[in-house]
K.L.:
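My questions all concern the structure below.
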Amino acid sequence: MAASPSFHRLLALLATLLCAATTVASSKRITLPGFYGAVNTTGFGRTYTKVCDADRFAELGLDMPAFPYCNASLPYADRVRDLIGWMTVEEKVGNLGDWSRGAPRVGLPPYKWWSEALHGISSTGPTTLFDALTSKPGNHSGRAAVYNATVFANVINSAASFNETLWNAIGQAVSTEARAMFNLGKGGLTYWSPNINVVRDPRWGRALETPGEDPYVVGRYAVNFVRGMQDIPGHETAADPFARPIKTSACCKHYAAYDVDDWHNHTRFTFDARVAERDMAETFLRPFEMCVRDGDASAVMCSYNRVNGVPACADHRLLSGTLRRDWELHGYIVSDCDAVLVMADNATWLNFTAAEAGAAALRAGLDLDCGESWIEKKKGQPLMDYLSTYGMEAVAQGKMREADIDGALANQFMTLMRLGYFDGIPRYAGLNETDICSDEHKELAADGARQAIVLLKNHDNLLPLDPKKVRAVAVHGPHAHAPEKVMDGDYTGPPCRYVTPRQGISKDVKISHKAKWTIYFGGINLHIEREGNDREDLLLPKNQTEQILHFAAASPNPIVLVLFSGGGIDITSLHNNPKIGAILWAGYPGGEGGHAIADVIFGRHNPGGRLPLTWFKNKYISQLPMTSMSFRPVPKLGYPGRTYKFYDGPDVLYPFGYGLSYTKFHYSTTTNGTVVTVPTGGRHCKALTYKPSTAAATAAARPACPAVDVAGHTCAETVSFNVSVTNAGAKDGAHVVLVYTVPPPEVDEAPIKQVAAFKRVYVPAGSAVAVPFTLNVCKAFGIVERTAYTVVPSGVSRVLVENGDSSVSFPVKIEFSV
Ligand SMILES: *[C@@H]1O[C@H](CO)[C@@H](O)[C@H](O)[C@H]1NC(C)=O
Ligand SMILES: *[C@@H]1O[C@H](CO)[C@@H](O)[C@H](O)[C@H]1NC(C)=O
Ligand SMILES: *[C@@H]1O[C@H](CO)[C@@H](O)[C@H](O)[C@H]1NC(C)=O
Ligand SMILES: *[C@@H]1O[C@H](CO)[C@@H](O)[C@H](O)[C@H]1NC(C)=O
Ligand SMILES: *[C@@H]1O[C@H](CO)[C@@H](O)[C@H](O)[C@H]1NC(C)=O
Ligand SMILES: *[C@@H]1O[C@H](CO)[C@@H](O)[C@H](O)[C@H]1NC(C)=O
Ligand SMILES: *[C@@H]1O[C@H](CO)[C@@H](O)[C@H](O)[C@H]1NC(C)=O
Ligand SMILES: *[C@@H]1O[C@H](CO)[C@@H](O)[C@H](O)[C@H]1NC(C)=O
Ligand SMILES: *[C@@H]1O[C@H](CO)[C@@H](O)[C@H](O)[C@H]1NC(C)=O
Ligand SMILES: *[C@@H]1O[C@H](CO)[C@@H](O)[C@H](O)[C@H]1NC(C)=O
Ligand SMILES: *[C@@H]1O[C@H](CO)[C@@H](O)[C@H](O)[C@H]1NC(C)=O
Ligand SMILES: *[C@@H]1O[C@H](CO)[C@@H](O)[C@H](O)[C@H]1NC(C)=O
């Protein structure tokens, strides 16, 4: 490495000396507060929860009124400028990393940026501090002990509920617990969640962390979760969005085209995703655009991988162009942890040194470097990021502009201002330990887990089991006693309560090896799919399949199989086996999972979850490498298309959106089609690629204006319709209505279909509900051309609502008028 630990020690010493030497307003000596200690998460002592506290300043020997950045009657932007104006360049550089040093000389405490809350407050990262169960209550940091927090089902589960209200409610509950942790000195305000990368390949190890394979559904998840985390009632919008107050800060990650972790020696650190502009616009960027534009996320994390040769965290076009200029991000951009390090590591990118890589990232638009710095850790050095370690070297070499540093700090400090870090937010000041793991939150976690469970098979209505008739069941399988690690999945803290599947069902029936009924709890776990580890195949472990077949054969009645996993599993042979009567997918359902599973098995809850990603047969993956980024088939190489949008071949076990119920739902609609005329004024016309065999492909038949560019055009036209959902069975239940649009058949390389809207509704047995939809023509019928323009094609598109046996569909003819 170019710079050594001794350089780094020198820097720390220098900073200390500077701080001591140049104290403003007082001669009292100030030492850096325990930056390397892991005690006070936010950097405050025990009595302070905001920066601008006059007593705090007085303790530092400073006079608060001398610092306009603490003047609450000034605009945030002016205060931020003032704060940066006090800081030396060394102090500024010390604030470029996630474990920022602050500038105690001028009253700014250190702050740890890195917190995670993927599906509840997580202990990942250096910031969140849960007390060990062995520690005595009331004695940690002089504040109440907090041993655990609400662990919601994993995101792939929540996605399966297709319930936007739930997604928002989870964000609200998590942010309430987060503010309580902050008040108790045990947590930060900036959370690097959600993970909204689209699941492009079924082998991806992080599918469990994500909302699945459809970019629109993923984007809606992002919007709802982010708004739940961030929005303060009454402040959902603001005249100046850069100064809109927020409850906690959420962060959409990992930007962009990241979804290879470690596959056949391709690791995420050096993988160069070769991506067509069309796939970028249509899939990889779309959830991020929705997260930023519709969710108004206050942070985005760039990913390790390269995109067409350039590391994502040093890509000026992606960061400064698309994210900040085009989508108007109101917030900060953070690197994935050590992404700057891996750019310089082994000189793999342009032979850049650490200082050069950091400078390039900052110049491209990065505002904060998260560093785990494994190398430093190994040498027994404190955790450090690259930007604050090598920043001064870059400045000294004339490779880094102080103005770029100022810009990064402005984005950081604005976010902290909005969070009340400087002034506090009175309405959240009273949150405390009683707001963590409240009954309300535990019930929401249980409800979320229930809503997510997907019924994959139910031959002869084996489920629900009637506990009065069944009385006793035999319970088998590796996940019957599923430890927290399995149930809680990834990025989690300790749960408030923890109910295993066996405990859950033992409340209803006796568990006995002689029993005539068998429930097998199987599936995979984080050894097989996790961050940093992609899957080799889509199968169950071989001995598990053998064991399931053994119990199925031995059981007098068909058995119930409950599967745990994030990604899909090829269980074709089990699905086809008549002795396996029912199959449930439970995902990784969190601390309340055991109860949720029992509620479904014994019929207290009618399963309404639907798969948020395609479950492929294992054969599918042998046809293409994980590193092929294209969504459309690549005929030259024999690669099939990816996701339900571009693959409808034979190697699908359960399609996207699949999920059964204990009742039957039927659709009807009174709409039999409509014609929409979009006025264009003769502008914004774009070419459309037609299938060669179609009439439209001939010049004579081609419309004068084949398609209209969506971005250039205000499109107010809508298509409104009701889908009437009838519950024709005997059980009440929730049902997810998935509305797809299908592009005109003559358009070449278009998606087979795409989700345009969805709604989860509750329908009592024997009744019908009308579910209204209004589709914006440009948003719902838009497709992405090879030129990467999103266009609305002229011609006859279709609206399609389908679910197993029942479907309705009607044509929508789109014309353009001058
Ligand atoms: C805070 O700013 C306002 C508006 O500029 C000013 O009137 C006031 O005097 C300032 N307060 C202090 C303590 O400087
Ligand atoms: C907390 O610590 C103090 C001092 O070490 C001790 O006297 C007290 O008993 C402890 N309280 C609890 C609840 O353990
Ligand atoms: C952290 O809090 C403890 C009390 O809980 C206090 O003694 C210590 O000084 C604080 N450290 C910093 C760096 O503020
Ligand atoms: C990964 O690289 C190692 C060492 O070069 C090699 O032995 C191994 O076969 C490779 N694995 C795969 C799946 O390509
Ligand atoms: C750099 O090389 C070391 C040693 O070969 C290796 O462990 C590390 O993964 C490499 N880093 C990257 C980013 O490839
Ligand atoms: C990187 O440096 C090595 C050794 O000095 C040199 O062989 C190589 O050509 C350089 N690569 C680039 C891209 O400059
Ligand atoms: C925590 O908050 C609740 C509800 O506001 C309040 O009743 C309780 O007194 C608070 N507990 C402590 C220790 O401050
Ligand atoms: C969670 O913490 C509470 C105390 O707040 C404790 O009673 C409970 O046992 C903990 N739960 C688990 C699963 O450890
Ligand atoms: C299958 O084999 C693995 C590895 O030997 C073992 O850990 C696991 O418990 C076995 N599973 C079953 C269901 O027998
Ligand atoms: C649509 O329905 C209306 C009334 O139900 C009917 O008059 C009309 O012919 C139908 N149009 C088409 C194209 O089927
Ligand atoms: C949908 O149903 C509602 C209530 O039944 C009705 O008011 C509305 O007009 C219907 N909308 C359409 C487009 O048919
Ligand atoms: C959606 O989730 C919310 C929050 O948990 C719940 O109250 C509601 O019943 C759910 N909707 C349906 C139709 O299941």
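Everything quoted here is computed from the prediction, not taken from an experiment. Only heavy atoms go into these numbers, but all of them, side chains included; no hydrogens, no water, no symmetry mates. Atoms within each ligand, like the ligands themselves, are counted from 1 in listed order.
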K.L.:
On a heavy-atom basis, which atom in V755 and which in F656 lie closest, and how many Å separate them?
P.N.:
CG2-CE2, 3.7 Å
K.L.:
Determine, counting only non-hydrogen atoms of the protein, whether one lies under 4.0 angstrom from atom 9 (O) of ligand 12.
P.N.:
no
K.L.:
Answer with side chain, backbone, both or neither: which part of L444 has a heavy atom less than 4.0 angstrom from an atom of ligand 12?
P.N.:
side chain
K.L.:
Going by heavy atoms in the side chains, are I597 and F564 under 4.5 Å from each other?
P.N.:
yes
K.L.:
Does a side-chain heavy-atom distance below 4.5 Å link N154 with Y491?
P.N.:
no
K.L.:
Can you see which heavy atom on D732 is nearest to which on A765, and at what distance?
P.N.:
OD1-N, 2.8 Å
K.L.:
Give me the residue, atom name and distance of the protein heavy atom closest to atom 6 (C) of ligand 12.
P.N.:
Q451 NE2, 3.8 Å
K.L.:
Is there at least one pair of N or O atoms, one from D447 and one from ligand 12, spaced under 3.5 Å apart?
P.N.:
yes
K.L.:
Looking at Y588 and L526, what are the two nearest heavy atoms and their distance?
P.N.:
OH-N, 4.4 Å
K.L.:
Using a strict 4.0 Å cut-off to heavy atoms of Y762, name the atoms of ligand 12 that fall inside it.
P.N.:
13 (C)
K.L.:
Need the ligand 11 atom indices (1-based, order shown) with element for anything under 4.0 Å from a heavy-atom of S720.
P.N.:
13 (C)
K.L.:
Considering only heavy atoms of N265, which atoms of ligand 4 have at least one such atom less than 4.0 Å away?
P.N.:
1 (C), 2 (O), 3 (C), 8 (C), 10 (C), 11 (N), 12 (C), 14 (O)
K.L.:
Can you tell me the protein heavy atom closest to atom 2 (O) of ligand 12 and the distance?
P.N.:
N163 ND2, 2.3 Å
K.L.:
Say whether, by atom type as modelled, one donor and one acceptor occur between the side chain of S806 and the main chain of N803 under 3.5 angstrom.
P.N.:
no
K.L.:
Using heavy-atom distances only, which candidate in T670, N722, T669 approaches atom 14 (O) of ligand 11 most closely?
P.N.:
N722
K.L.:
If you have a sec, work out which protein heavy atom is nearest atom 5 (O) of ligand 11 and how many Å separate them, to one decimal?
P.N.:
A770 CB, 4.4 Å
K.L.:
Give a yes or no on whether the backbone of F758 and the side-chain of R220 come within a donor-acceptor separation of less than 3.5 Å.
P.N.:
no
K.L.:
Would you confirm whether any non-hydrogen atom of the protein falls under 4.0 Å from atom 12 (C) of ligand 11?
P.N.:
yes
K.L.:
Is it the case that over 12 heavy atoms from other parts of the model lie below 6.0 angstrom from the NZ atom of K731?
P.N.:
yes
